[in-house]
Amino acid sequence: QKEVEQNSGPLSVPEGAIASLNCTYSDRGSQSFFWYRQYSGKSPELIMFIYSNGDKEDGRFTAQLNKASQYVSLLIRDSQPSDSATYLCAVKQAGTALIFGKGTTLSVSS
Amino acid sequence: EAQVTQNPRYLITVTGKKLTVTCSQNMNHEYMSWYRQDPGLGLRQIYYSMNVEVTDKGDVPEGYKVSRKEKRNFPLILESPSPNQTSLYFCASSRPSTSSGANVLTFGAGSRLTVL
């Protein structure tokens, strides 16, 4: 059974701090990795995706991938109260469906 | 506007009364999928479709049916709903895995279903 694991949280950080969200996956053949943000009662929306080992930056967000250790992380710099949401990690292997983790709830206090 | 449209957004029904949740996308996406989301269980895939007339089971297909007669539409059918199908349902679509931006799912707004 392919698995994607996330700490459910809540992860609480003060405004302006760096929030670090982690995700591990079981299938070594996984090829692409996604981070979605979901506000309560709303649909998931893509933050970013990453295919290659290393870091990928987009504004205040940085995704980090380490295939050898089978983890992917999301860093949010200068966290804002509007970043408070559930963050879903999703992993895909070629030819299979996207598998979602259960999500980590982030709370940013002002 | 590129979007995935689901209807109804909210529905309360009774056990055994057949219902259909419609899903339509205007992005010419080949891939479409249905998920249900329950507290503590995350997003779980019900069914997916790689293209017209091609559908396959996801992780939790029991009690559901789908069809893909047209590229833009992917309805979810509950032939005899039961209370354990009370959930928040999302339809999503994406381009095929061989193109750039592949597997970036666009989600509908969600359909909250309650079965009494």
Side-chain angles (χ1 to χ4, degrees), chain A residues 1-10 21-27 29-52 56 58 61 63 65 72 74 85-106, chain B residues 2-7 9-10 21 23 25 27 29-50 54-61 66 87-113:
Chain A
Q1 175 76 11
K2 302 181 180 72
E3 292 184 343
V4 177
E5 300 285 344
Q6 296 181 256
N7 188 321
S8 62
L21 304 159
N22 299 311
C23 171
T24 59
Y25 58 95
S26 61
D27 192 335
S30 299
Q31 295 183 335
S32 46
F33 307 85
F34 303 80
W35 283 101
Y36 285 83
R37 177 177 61 199
Q38 185 177 25
Y39 292 111
S40 181
K42 303 296 186 182
S43 58
E45 54 182 349
L46 181 75
I47 298 174
M48 60 195 309
F49 59 87
I50 185 168
Y51 296 144
S52 305
K56 180 180 179 182
D58 184 0
F61 299 93
L65 175 61
V72 57
L74 179 70
T86 297
Y87 290 80
L88 304 173
C89 172
V91 174
K92 190 179 188 309
Q93 184 185 27
T96 67
L98 201 60
I99 299 173
F100 284 86
K102 294 178 181 178
T104 298
T105 300
L106 172 66
Chain B
Q3 60 185 0
V4 177
T5 303
Q6 298 179 226
N7 281 296
R9 293 287 316 282
Y10 303 91
V21 186
C23 175
Q25 50 93 6
M27 296 166 282
H29 285 168
E30 278 81 1
Y31 180 88
M32 297 186 74
S33 181
W34 276 103
Y35 295 86
R36 61 178 289 176
Q37 188 173 39
D38 304 287
L41 297 178
L43 274 170
R44 294 181 293 167
Q45 190 176 48
I46 303 171
Y47 270 94
Y48 64 96
S49 170
M50 301 295 287
V54 180
T55 62
D56 210 344
K57 296 177 181 179
D59 296 321
V60 288
V66 293
S87 187
L88 179 58
Y89 291 86
F90 290 104
C91 180
S93 70
S94 75
R95 286 175 281 181
S97 59
T98 55
S99 61
S100 61
N103 308 122
V104 174
L105 290 172
T106 300
F107 283 86
S111 297
R112 186 167 293 280
L113 171 65

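In what follows, chains are A, B, ... by sequence order, proteins preceding strands, each numbered from 1. Please read all numbers here as calculations on a predicted model, not as lab measurements.
Listed by chain and residue number, R37(A) satisfy the salt bridge (Lys or Arg N to Asp or Glu O under 4.0 Å) test with E45(A) (two or more places apart in sequence, or in another chain). Under the rule for a ring-ring contact (aromatic ring centres under 6.0 Å, His included), the partners of Y36(A) that lie at least two apart in sequence or sit in another chain are F100(A), F107(B).
Contact count against chain B (heavy-atom pairs under 4.5 Å) is highest for P44(A) among S8(A), G41(A), G103(A), P44(A).
Atom-to-atom distance recorded for D38(B):CG and K102(A):NZ is 11.0 Å, nearest 0.5 angstrom. Distance check, rounded to the nearest 0.5 Å: CG of L88(A) to CD of Q37(B) gives 6.5 Å.
For the side-chain contact (heavy atoms from CB on, under 4.5 Å) test with L46(A), the passing option among T106(B), V104(B), L105(B) is V104(B); the others fail.
Proximity of L98(A) to Y35(B): side-chain heavy atoms (C-beta onward) are separated by under 4.5 Å at one or more points.
The part of Q38(A) that comes within reach of chain B is its side chain, from C-beta onward, which places non-hydrogen atoms under 4.5 angstrom from that chain.
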